[in-house]
Amino acid sequence: MARKYDPAKLSQAAANYDVHHALVAAVRRLARLAGGPQEAKDVIDAVAAADAVEEEKEDKAK
């Protein structure tokens with residue numbers, strides 16, 4: 001019995017895979033550029049903290 005695949009679902013799955021692949025490649029590059037996994041984690045944590053502070057400022061301004 002032949003399976004029928006929804007072209008829209010296949011297209012969405014391909015797009016999701018492309019995003020996933022791009023994110024994995026970016027994290028690997030960040031880790032390499034940062035000097036290792038722990039240094040990359042430190043960079044990510046610093047960016048997240050800066051984003052949180054900026055978001056808090058925006059919330060107070062509203």
Side-chain angles (χ1 to χ4, degrees):
M1 176 184 248
R3 292 185 180 193
K4 294 184 180 180
Y5 295 102
D6 181 9
K9 286 185 179 179
L10 286 175
S11 177
Q12 183 63 41
N16 288 343
Y17 179 78
D18 288 345
V19 169
H20 170 78
H21 181 72
L23 289 172
V24 169
V27 169
R28 285 183 179 163
R29 181 172 172 86
L30 175 62
R32 187 170 19 103
L33 291 173
Q38 185 57 49
E39 289 80 2
K41 182 185 178 309
D42 294 343
V43 170
I44 292 168
D45 290 345
V47 170
D51 285 346
V53 168
E54 190 172 306
E55 188 174 307
E56 188 176 308
K57 285 181 183 178
E58 289 175 0
D59 288 346
K60 286 182 180 180
K62 289 182 181 179

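Quick caveat, the model's predicted, so the values are computed rather than measured. Note that these values count all heavy atoms, side chains included, but never hydrogens, waters or copies made by symmetry.
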By salt bridge (Lys or Arg N to Asp or Glu O under 4.0 Å), K60 pairs with (sequence neighbours left out) E56
Salt bridge (Lys or Arg N to Asp or Glu O under 4.0 Å) filter on E55, not counting sequence neighbours, yields none
Determine all donor-acceptor pairs shorter than 3.5 Å in which one atom belongs to a side chain in residues 21-42; sequence neighbours excluded.
from: Q38; atom 1: NE2; to: D42; atom 2: OD1; distance (Å): 3.1
from: K41; atom 1: NZ; to: D45; atom 2: OD2; distance (Å): 2.8

Any residue meeting side chain to side chain donor-acceptor pair (under 3.5 Å) with D59, in chain and number order, not counting sequence neighbours
none
Would you list the pairs meeting salt bridge (Lys or Arg N to Asp or Glu O under 4.0 Å) in which at least one residue belongs to residues 6-23, sequence neighbours left out?
none
Under a single-linkage rule joining Ile, Leu, Val, Met, Phe, Trp and Tyr whose side-chain heavy atoms are separated by less than 4.5 Å, which residues share a cluster with L10?
Y5
